[in-house]
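The block underneath contains the structure these notes are about, expressed in structure tokens.
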Amino acid sequence: MKIFETVDSIHNTLIRHHEKGEIIGFIPTMGALHEGHLSLIEKSQTENDITVASIFVNPIQFNNPHDLDKYPRDLARDEKMLQNVGCDYLFAPDVEEIYPGGKKEDINLDFGRLDRVLEAKFRPGHFKGVAIVVKRLFDIISPDRAYFGKKDYQQLLIIEKMVHDLQLPVKIVACPIVREPDGLAMSSRNMRLSIRERMVAPQISEVLFLMKNEASRLSVSELKKLGTRKLESNPLFRVEYLEIVDKRTLAMISDNDDMSYGMVCAAVYLGDVRLIDNLELF
Ligand code: AMP
């Protein structure tokens with residue numbers, strides 16, 4: 001695997017592949033890689049000639065400076081993991097490469113509800129920061145396909161909307177959530193959990209799966225009450241939100257609405273670690 005740190009070096013290499021008509025798959029990440037990330041790499045490898053991963057902890061998408069400081073970083077370990085799965089190229093730039101002189105291209109898109117609910121409500125500016133960096137990375141890599149996990153479902157919808165509205169020539173491929181054997185959604189943040197927190201963390205997905213099991217029997221408000229009660233019964237959890245939304249629009253679903261596109265989304269703090277998860281109800 002070749003590693004690039006500068007925009008020019010990776011751009012020049014990829015131009016040669018584009019000229020040969022080779023198809024490029026791209027997986028943007030913030031590092032601290034796990035099987036969830038690797039599943040995106042592996043999917044790309046089955047669909048493209050060349051697979052490019054990036055590792056860049058994007059400062060402008062962190063609304064909480066503490067979260068940015070604490071974000072786990074281990075480039076040497078990540079490189080080994082990518083090498084082991086046979087990723088072709090890694091782009092690992094520093095902040096100055098991506099935002100030279102602190103300059104960033106503003107993206108004047110109205111994401112509507114997608115940038116008002118769930119994560120957006122609690123992380124103001126987060127999705128704008130995500131959209132700016134993904135657009136910048138797309139400009140550098142010019143991928144034919146880009147792979148995103150449903151773990152960050154709202155982010156996936158934001159990127160799909162950006163690609164649609166700006167008519168970017170890239171196909172967005174949505175990939176399923178990879179979970180630990182005990183059900184916990186894999187996340188770089190999981191490694192920051194204490195032993196005690198890690199032991200109870202799977203209860204988040206257990207509650208989501210319980211809600212899915214009860215979805216055909218209970219109303220939306222009853223489901224939400226059940227899930228919230230279960231989560232809040234654990235004193236280690238601080239529930240930021242637990243919502244049932246339409247997975248196409250992220251509109252909140254209420255009792256008389258069609259639940260067939262229902263998705264439950266949750267954000268829960270364990271200590272100072274904020275975990276998110278989601279599950280389709282049907
Ligand atoms: P991150 O490094 O957290 O920015 O994630 C990079 C990409 O990996 C995003 O598209 C995430 O949605 C995806 N991802 C993270 N965790 C998982 C997971 N457990 N399963 C599938 N995809 C994931």
Side-chain angles (χ1 to χ4, degrees), residues 25-45 47 51-64 67-68 70-75 77-79 81-82 85 87 90-93 95 98 114 118-119 123 126-138 141 143 145-163 170-193 198 201-202 204-205 208-209 247 263 265-268 273-280:
F26 175 48
I27 301 91
T29 82
M30 298 203 299
L33 301 180
H34 50 66
E35 291 294 326
H37 297 114
L38 299 186
S39 73
L40 310 192
I41 308 273
E42 283 159 2
K43 174 105 173 118
S44 167
Q45 289 171 321
E47 296 182 343
T51 291
V52 182
S54 67
I55 294 180
F56 178 64
V57 181
N58 177 33
I60 68 165
Q61 74 185 66
F62 286 81
N63 50 313
N64 176 350
D67 195 22
L68 174 61
K70 286 277 166 81
Y71 202 84
R73 297 165 203 241
D74 190 344
L75 192 56
R77 175 181 165 276
D78 289 344
E79 283 173 12
M81 287 175 75
L82 291 171
V85 292
C87 184
L90 167 62
F91 181 44
V95 175
I98 296 296
L114 297 183
L118 304 174
E119 289 297 286
R123 303 186 69 188
H126 168 66
F127 288 118
K128 194 172 171 77
V130 168
I132 288 172
V133 79
V134 171
K135 169 71 167 51
R136 172 89 172 112
L137 290 167
F138 283 179
I141 309 287
R145 298 194 182 91
Y147 296 78
F148 289 86
K150 290 187 184 175
K151 161 80 171 29
D152 301 279
Y153 187 77
Q154 192 168 2
Q155 165 175 284
L156 169 68
L157 296 191
I158 290 264
I159 300 298
E160 283 176 344
K161 179 154 174 53
M162 176 177 81
V163 165
V170 52
K171 181 178 168 12
I172 301 302
V173 183
C175 304
I177 300 178
V178 177
R179 297 179 178 280
E180 299 285 356
D182 60 15
L184 176 64
M186 289 195 183
S187 165
S188 306
R189 291 186 166 88
N190 293 350
M191 60 175 77
R192 290 187 47 223
L193 297 170
R198 177 61 189 84
I204 300 169
S205 61
L208 303 193
F209 279 99
K247 67 179 177 185
M263 169 180 262
C265 300
V268 178
V273 183
R274 185 176 184 278
L275 299 180
I276 59 170
D277 199 353
N278 66 71
L279 191 65
E280 291 171 32

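Remember, predicted model here, so these are calculated numbers, not experimental data. For this chain, numbers begin at 1 and follow the sequence in order. In listed order, ligands and their atoms are each counted from 1.
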Do [X] and [Y] make a side-chain contact, defined as non-hydrogen atoms from C-beta onward lying under 4.5 Å apart?
| X | Y | answer |
| --- | --- | --- |
| V130 | I159 | yes |
| D277 | I177 | yes |
| F91 | I98 | yes |
| S205 | R179 | yes |

>> Just verifying a value: how many Å separate R198 CZ and R192 CZ, rounded to the nearest 0.5 Å?
In response: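 That separation rounds to 15.0 Å.
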>> What's the separation between atom CG in L75 and atom CG in L90, rounded to the nearest 0.5 Å?
In response: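 The CG atom of L90 is 6.5 Å from CG of L75, to the nearest 0.5 Å.
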>> Please find the pair of heavy atoms, one from D78 and one from G31, that lie closest to each other, and give the distance.
In response: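 Minimum heavy-atom contact is OD2-CA, 3.4 Å.
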[X], any N or O under 3.5 Å of ligand 1 N or O:
| X | value |
| --- | --- |
| L40 | no |
| M30 | yes |
| M186 | yes |
| D152 | yes |
| A185 | no |
| T29 | no |

On a heavy-atom basis, I'd like to know which of [options] is closest to [atom].
| atom | options | result |
| --- | --- | --- |
| atom 3 (O) of ligand 1 | F148, Y153, Y71, Y147 | Y71 |
| atom 6 (C) of ligand 1 | P28, S187, G149 | P28 |
| atom 9 (C) of ligand 1 | K151, H34, Q155 | Q155 |

>> Below 4.0 Å, non-hydrogen atoms only: which portion of P176 touches ligand 1? Side chain, backbone, both or neither.
In response: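 Answer for P176: backbone.
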>> Please list the nearest protein heavy atom to atom 20 (N) of ligand 1 with its residue and the distance rounded to 0.1 Å.
In response: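 Its nearest protein heavy-atom neighbour is V178 N, 2.8 Å.
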>> Quick test: of every protein heavy atom, which one is nearest to atom 8 (O) of ligand 1, and how far off is it to 0.1 Å?
In response: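 The answer is H37 CD2, 3.4 Å.
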> When you look at NZ of K43, are more than 12 heavy atoms from neighbouring residues, nucleotides or ligands closer to it than 6.0 Å?
Replying inline: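 No, not enclosed.
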> Among K151, E35, K150, H37, which one satisfies side chain to side chain contact (heavy atoms under 4.5 Å, CB included) with V178?
Replying inline: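 Going through the options one by one, the only one that passes is E35.
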>> At less than 4.0 angstrom from any non-hydrogen atom of I177, what atoms of ligand 1 do you find?
In response: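 What qualifies from ligand 1 is 20 (N), 21 (C).
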